[in-house]
Number of protein chains: 2
Amino acid sequence: MATIHDVALKAGVSVTTVSRVMNNRGYISERTRSKVFQTMEELNYHPNEIARSLLRKRSNVIGLIIPAVSHPFFAELANHVEYYAYQSGCKVLLCNSQLDPVKEKEYIDMLKRNMVDGIVMGSHTLEVDAYRNLHSPIVTIDRRIDEDIPYISSDNYAGGRLAAELLISKGCRKIAHICGNLTLNLLANNRSMAFRDVMLEHGIENVVIQTDMNVFDHDQYGRIIGKLLREHEDIDGIFATSDIIAAYALKGCTQAGKRVPEDIRIIGYDGIGAVSWFEPEISSIRQPISEIGRLAVELIRKQRDGEPFERENILPVELMERSTT
Amino acid sequence: MATIHDVALKAGVSVTTVSRVMNNRGYISERTRSKVFQTMEELNYHPNEIARSLLRKRSNVIGLIIPAVSHPFFAELANHVEYYAYQSGCKVLLCNSQLDPVKEKEYIDMLKRNMVDGIVMGSHTLEVDAYRNLHSPIVTIDRRIDEDIPYISSDNYAGGRLAAELLISKGCRKIAHICGNLTLNLLANNRSMAFRDVMLEHGIENVVIQTDMNVFDHDQYGRIIGKLLREHEDIDGIFATSDIIAAYALKGCTQAGKRVPEDIRIIGYDGIGAVSWFEPEISSIRQPISEIGRLAVELIRKQRDGEPFERENILPVELMERSTT
DNA sequence: TTGTAGGCGTTATCAA
DNA sequence: TTGATAACGCCTACAA
C-alpha cells in the first residue's frame, strides 16, 4: 500500500502538497496538481482512512445496535440505515445484541473506542443510565430514555387504535391482543394502551397476552396461539403486535379449522415485506421503516455537526388492509 | 476522552508502563500494575482503537458485501457472520451493493482504505480481475473467482438433484424450474445443471425459466408464475431456486385454483426461517447458513494470520420435506 | 522493572 | 504557491 510519502517522493513535492491536492485545499499550481494526481494513479494510491480518523477524532462510522438482523423488521431497518448512511458518506457497523445486556454493553464500549460518529439503538436491554452517560451522539428507536436523547418511533398509539377499530368495524366481538412484554417500557406498548382504550370505549370483550418478546424463539408463538384458541373458542379477532406473530396466528387458526377472515380476523403490525410473499396476505399496520432509517442517520449527523435537531420524532403509520380482515 | 498520557501522568509512570499493563506484556511490579489499573478506572480510560489500528495496520473489521440485507437469506447470513466475528473479536461492516457495480466497487475501495482484516463477498457484480487484484483477504460466497481465492458454497449440484428427484419420485411428469440468470457464472447455476441432468435421465418434460435475479423486484415473480401457469397448464411440479420464489409460486398456484401438493408440487431452496411462519410450509433444500457464516469468518482469519486454509469449501445441503410436496 | 524516542499515515499550523 | 514540523494516541525497540 503506497502512502502519501511515496506519492510525494515520486512526484517530487512535499507531503503537504499531496495532501492539499487530495483535499482540494489552498492554492496549488495546475502543473503541480496534475503531476500529483498522475503519480497517485501510477502508485494506485488510496489515502489511509484510519490515519484520517485518528486525526479527525471520528471514523465516519455509525453503529447500529439491534436485537438481531435476522428479524425481518430489523433487517429492513438495517437495509435503510445502510442506504442513507452511504448517501452521507458513512459506514454502518452491524451489532446484534441478541438481547443480551452484556453483549449490548460490550458493543457500546467497542463503538466508543472506535470513535464512531454515533449509535443507533434499536435494542434496549440496559438501564437508562448506561445510555445517558455515553457522551456519543445517539438515537433510540422506539424507546424514550430522557429529555436529551432523541428518539424515533412510529405513532404506536394511533397504530393500535387503527388495528383495534378495524377489527371492531368488521364486526369482531371478542378480540385477542398478542403483545410483547409490557413491563419493558418500550414505546411499542402504546399499541396495547390504544387497544385497551378502544376495547373499553366500545365495550368489547378482549384478551391480552404477553409474550416474552424473545425474537428468536418462534416456537412459543405457535404454543401461545394454540393455547389461546383452545381457551377462548369464541374469539373472532386477533391483533398481533408484529407480522410474524400474526403469521403464526394465521397458521394456528387454519390448523384449528377456522376460516380467516370469515370466522376470525387477523391483523399484524410492522408492514414487513415478507407478508406479501404468501397467501393470504396479512393485514397490517405499516411502519415507515425507510423514513425511520433516514431520520436515524440524519439525527446522528446533526448531533455530530452541532446542528439543532428534534428530540421527539413520531412518524405516521398506515393501515394496510389486505386479506385477513 | 482520557488518553494513555493522562493515565500515565496521573499514575506517575510513563506511557510505556501503562501500555505494558494494558497489554499484559513484559515485567511490571504488582504495585505499579494495580496503581495503573486503578487510575484507568478513575479516568474511565478506554484505549483508542483507531490509534491501535493505525499501528497494527489492521482494524479487526470484516467487510460483508451482500446484495441487500433485507433479503432473508442474506439477513440470516449477516446474522451468523456477525455472531462468529464477534466471537473472534472482530466487527462487521455492513455493505449492501444493491447489485450496483459502482456501489460494490466503492465499498471494496472503502474497505481497503479502512484496512479491514478481510472481505466476505456475497455480491458479485464485477469482473473477476476486480476481485483478483485487491490484495486483501477475501472469501467469496457461491462464486469461484480463481484458484487462489477461497470460496464457500453449499453443494448446489446435490441440492438441485435432491429437489428434482423428489418431485419425480412424487409422480410429477412435467416440471418447471425457475432460476436466476444463468449467464452470471454463479455456483448456484449448478442447481439448474442438476435439474437438467435429472430431467434428462428420467425423460421428464420440463420448462426452465430464468429471472433476472433482481432481489428487489418481487413483482416480477408474480408475473412470471402467472405466465408460466397460463402457458403450461399441465405443469405438476415446480422447483424454485429460492424460497421466496417458491412462496410466490405457491401463491400463484393457489390463485389459479390449483391445489398444492395434490395438483402441483412445489419445492424451494435456501431453507430460510420465514417459510415456517406460514401455512402450508414450503419444502426446501436447506443451506447450512450458520456454517457458511462460521467458515467465512474463519477463512478471513486464517488468511490474515498466514495460516493454511482450504480453497474449496462445499458444504452439504439437506432436504426439508414439508407440506408442498 | 521502568523510561525515552521514534514511527504508524494524515492534516494543520506556521514559515518561507 | 510550497514545505518543514508538530500533532492524533498508541506500541515497540532500545536503553537505563
Side-chain angles (χ1 to χ4, degrees), chain A residues 1-37 39-40 43-61 89 109-117 135-136, chain B residues 1-37 39-40 43-61 89 109-117 135-136:
Chain A
M1 261 312 250
T3 77
I4 197 172
H5 285 98
D6 302 325
V7 177
L9 203 64
K10 177 148 189 203
V13 297
S14 74
V15 292
T16 314
T17 304
V18 178
S19 177
R20 278 213 190 82
V21 171
M22 263 199 303
N23 300 289
N24 200 22
R25 264 192 252 297
Y27 300 102
I28 318 120
S29 74
E30 200 40 61
R31 214 173 133 274
T32 310
R33 176 198 299 281
S34 60
K35 187 172 54 185
V36 169
F37 271 131
T39 315
M40 287 181 5
L43 262 45
N44 191 26
Y45 168 76
H46 291 286
N48 184 325
E49 288 297 332
I50 303 269
R52 288 180 158 177
S53 299
L54 179 58
L55 211 58
R56 268 199 325 250
K57 295 174 182 305
R58 42 170 258 244
S59 56
N60 282 329
V61 167
D109 288 342
M110 181 278 281
L111 292 171
K112 290 182 66 175
R113 286 198 302 270
N114 281 277
M115 304 201 285
V116 295
D117 292 25
H135 301 296
S136 172
Chain B
M1 260 314 248
T3 77
I4 197 173
H5 284 98
D6 302 326
V7 177
L9 203 66
K10 179 150 189 204
V13 298
S14 74
V15 293
T16 314
T17 305
V18 179
S19 175
R20 279 214 189 80
V21 172
M22 265 198 302
N23 300 292
N24 200 23
R25 263 192 252 298
Y27 299 103
I28 317 119
S29 75
E30 199 42 61
R31 211 172 136 274
T32 310
R33 176 198 299 280
S34 60
K35 189 172 53 182
V36 169
F37 271 131
T39 314
M40 288 184 1
L43 262 42
N44 190 29
Y45 168 77
H46 291 286
N48 183 327
E49 287 297 332
I50 303 271
R52 286 182 158 176
S53 300
L54 180 58
L55 208 61
R56 269 197 323 251
K57 294 172 180 306
R58 41 173 259 244
S59 56
N60 281 329
V61 167
D109 288 343
M110 181 279 282
L111 291 171
K112 289 182 67 176
R113 287 198 302 271
N114 281 278
M115 305 200 288
V116 295
D117 291 25
H135 301 296
S136 172

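Here is the naming used below: chain letters follow the sequence lines, and residue numbers restart at 1 for every chain. Because the structure is predicted, anything quoted here is derived from the model rather than measured.
Contacts of B:Ser53 with the nucleic acid, taken as non-hydrogen atoms under 4.0 Å apart, are absent.
The two residues B:Ile4 and B:Tyr45 come nearest to each other via the heavy atoms N-CE1, 3.5 Å. Closest approach of A:Thr39 to A:Val7, counting heavy atoms only: CG2-O, 3.8 Å. For the pair A:Met115 and A:Leu54, the tightest heavy-atom approach, listed with the atom from each and the gap, is CE-CA, 4.2 Å.
Of the possible donor and acceptor atoms, none in the side chain of B:Asn114 sits under 3.5 Å from a partner among the backbone N and O of B:Val116.
One interatomic measurement links the two molecules: CD1 of A:Ile28 to P of D:dG3, which rounds to 11 Å at whole-angstrom precision. Taking atom CZ on A:Arg56 and atom C1' on C:dT11, their separation rounds to 10 Å, with Å as the unit. The separation between B:Asn114 atom CG and C:dG9 atom P is 15 Å, rounded to whole Å. Between B:Asn24 atom CG and C:dT1 atom C1' the separation is 15 Å, expressed in whole Å.
Residues B:Lys35 and B:Val13 meet the side-chain proximity criterion, which asks for heavy atoms closer than 4.5 Å.
For B:Ser14, the side chain to side chain contact (heavy atoms under 4.5 Å, CB included) partners two or more places apart in sequence, or in a different chain, are B:Thr16, B:Thr17.
The shortest distance between the side-chain N/O atoms of A:Ser29 and the OP1/OP2 oxygens of D:dT2 is below 4.0 Å.
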Checklist entry - In the 5'-to-3' direction, what one-character label does each nucleotide of nucleotides 8-16 of chain D receive under the scheme B = base within less than 4.0 Å of a protein heavy atom, S = sugar-phosphate only, - = no such atom? => result BBBBBB---
